[in-house]
Peer 1: 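Before I ask anything, here is the structure I am working with.
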Amino acid sequence: PRVLLFRSNSTVTDVFSYVDIFFDQVMDDSTISLDSVHLYAPDGQEIELTQMRKAGVSGNIFYRFYFDTVSSKGTYTLSVDQSVCNDWGVEMSADYQHEIYVASPDLTVGTELDVSSTTLGRYTTITYTVSNIGDAMTPGTWTDAVYLCRTQQWNEDEAILLGRYNRTEALSENGSYTASVKGLLADLEPGDYYIFVRTDESDRLSEDKENNNVSAVGTKISIGVPE
């Protein structure tokens, strides 16, 4: 017997939490288990398989192996032991191995901002840019948020929400978009503030890095009273 088809594309760009394995012959189920299939991370560490399920219909049977979701990009290796047998007790001729590359988007906030007004009690529009520096398109939708802080470094506990922008389109690798958020400069003391943009505020996307979703350093503005 041999592995006929492995269902999980050689490049994975979405949630990666299971693999499906098809064989070219009817297999002896007792020889296929969590101990006969292995998945290795890019660093060589074996990933624990948590569950196996046989599914499909006659002539199209497959075995699904589950594991905790992985998102770190790199090359993963799937291995099936030679000892798995068909219904006649014949083993595979050799271990089977298949490489899977996990690609991930990676959103990052640009350093250039445009601020329409810094006058207390008036509306201001903050325009910013987000880029996908990863090697996969983003799936789904997400929300960006714009905040004011008194400190130059991001402090979530002290951040004041100015407004949000809902992104409803996918973003290709090496792509970028420019968005604007409108907010009222109210209930603030006059003085210096720092603007921070936090993309994918709720961490809906599975990204290669999550620590670059907020502006590294805030953009300084001075909020004053109307003249």
Side-chain angles (χ1 to χ4, degrees), residues 1-108 131-142 169-175 200 202-213:
R2 62 188 176 90
V3 176
L4 179 65
L5 176 67
F6 166 73
R7 189 164 68 193
S8 184
N9 294 334
S10 293
T11 298
V12 177
T13 59
D14 206 341
V15 174
F16 185 39
S17 59
Y18 66 86
V19 293
D20 293 341
I21 301 173
F22 295 76
F23 293 90
D24 66 339
Q25 298 176 15
V26 178
M27 301 301 290
D28 179 354
D29 293 342
S30 68
T31 67
I32 302 174
S33 69
L34 298 178
D35 295 325
S36 59
V37 175
H38 312 275
L39 182 66
Y40 298 94
D43 62 2
Q45 293 292 314
E46 186 168 2
I47 296 171
E48 180 183 5
L49 302 179
T50 58
Q51 184 183 358
M52 183 194 82
R53 183 169 66 89
K54 182 180 178 182
V57 295
S58 179
N60 194 30
I61 299 296
F62 64 90
Y63 300 83
R64 176 167 291 182
F65 292 84
Y66 294 89
F67 46 88
D68 289 340
T69 300
V70 297
S71 59
S72 297
K73 71 178 181 180
T75 300
Y76 294 73
T77 302
L78 175 77
S79 176
V80 181
D81 291 348
Q82 178 183 354
S83 60
V84 301
C85 299
N86 63 15
D87 254 357
W88 298 276
V90 179
E91 295 183 351
M92 292 201 305
S93 60
D95 289 350
Y96 170 85
Q97 288 195 338
H98 182 91
E99 290 188 343
I100 312 141
Y101 181 73
V102 174
S104 301
D106 187 10
L107 299 182
T108 185
S131 300
N132 178 7
I133 61 174
D135 54 6
M137 179 179 290
T138 60
T141 61
W142 65 93
E169 298 178 21
L171 184 62
S172 63
E173 59 270 33
N174 299 315
D200 187 23
S202 301
D203 293 331
R204 294 192 59 176
L205 302 180
S206 178
E207 299 182 60
D208 182 42
K209 300 183 186 70
E210 299 288 356
N211 59 2
N212 60 352
N213 281 11

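Counting begins at 1 with the first residue of the sequence.
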Peer 1: Return yes if some donor-acceptor pair links the side-chain N/O of Asp24 with the main-chain N/O of Arg2 below 3.5 Å, else return no.
Peer 2: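 Checked: pair present.
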Peer 1: Run the numbers on Asp203 and Asn213 for side chain to side chain contact (heavy atoms under 4.5 Å, CB included), then give the verdict.
Peer 2: CA-CA 9 Å; Asp203 293 331; Asn213 281 11; 4.3 Å; yes
Peer 1: Would you mind telling me which of Asp20, Val37, Leu39 makes a side chain to side chain contact (heavy atoms under 4.5 Å, CB included) with Phe65?
Peer 2: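 With Phe65 as partner, side chain to side chain contact (heavy atoms under 4.5 Å, CB included) holds for just one option, Val37.
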Peer 1: Between Cys85 and Thr31, what is the shortest heavy-atom contact and its length?
Peer 2: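 Scanning both residues, the minimum pair turns out to be N-OG1, 3.0 Å.
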Peer 1: For Ser206, enumerate each residue passing the side chain to side chain contact (heavy atoms under 4.5 Å, CB included) test, keeping only those at least two apart in sequence or located in another chain.
Peer 2: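 Testing Ser206 for side chain to side chain contact (heavy atoms under 4.5 Å, CB included), a comparison that skips the adjacent residues, returns Ser71.
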Peer 1: Just wondering, do Leu171 and Leu107 contact through their side chains at under 4.5 Å, heavy atoms?
Peer 2: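 Answer yes - side chains close enough.
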Peer 1: Which heavy atom in Tyr76 sits nearest to a heavy atom in Ala41, and how many Å separate them?
Peer 2: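 That would be CD2-CA, 3.6 Å.
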Peer 1: Would you check if Ser83 and Glu91 make a side-chain contact, meaning some heavy-atom pair closer than 4.5 Å?
Peer 2: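 A side-chain contact exists here, since the closest heavy-atom pair is under 4.5 Å.
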Peer 1: Do Asp68 and Glu48 have side chains that approach each other closer than 4.5 Å (heavy atoms only, starting at C-beta)?
Peer 2: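 Asp68 does not reach Glu48 side chain to side chain.
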Peer 1: Between Glu173 and Met137, is any pair of side-chain heavy atoms under 4.5 Å apart?
Peer 2: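 Side-chain contact under 4.5 Å: yes.
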Peer 1: Ignoring hydrogens, what is the shortest heavy-atom contact between Tyr40 and Ser79? Give both atom names and the distance.
Peer 2: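 Residues Tyr40 and Ser79, closest heavy atoms: CE1-CB, 4.2 Å.
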Peer 1: With the side chain counted from C-beta on, respond yes when Ile133 and Asn212 share a heavy-atom pair under 4.5 Å apart, and no when they do not.
Peer 2: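 Yes, side chains in contact.
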Peer 1: Quick check: are there more than 12 heavy atoms from other residues, nucleotides or ligands sitting under 6.0 Å from CZ of Arg204?
Peer 2: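 Not buried by this count: 12 neighbours or fewer within 6.0 Å.
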Peer 1: Might you work through the side chain to side chain contact (heavy atoms under 4.5 Å, CB included) test for Thr108 and Lys209, ending with a clear yes or no?
Peer 2: CA-CA 9 Å; Thr108 185; Lys209 300 183 186 70; over 6 Å; no
Peer 1: With sequence neighbours excluded, what pairs up with Tyr63 under the ring pair (Phe, Tyr, Trp, His ring centres under 6.0 Å) test?
Peer 2: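 Tyr63 satisfies ring pair (Phe, Tyr, Trp, His ring centres under 6.0 Å) with Phe23 only.
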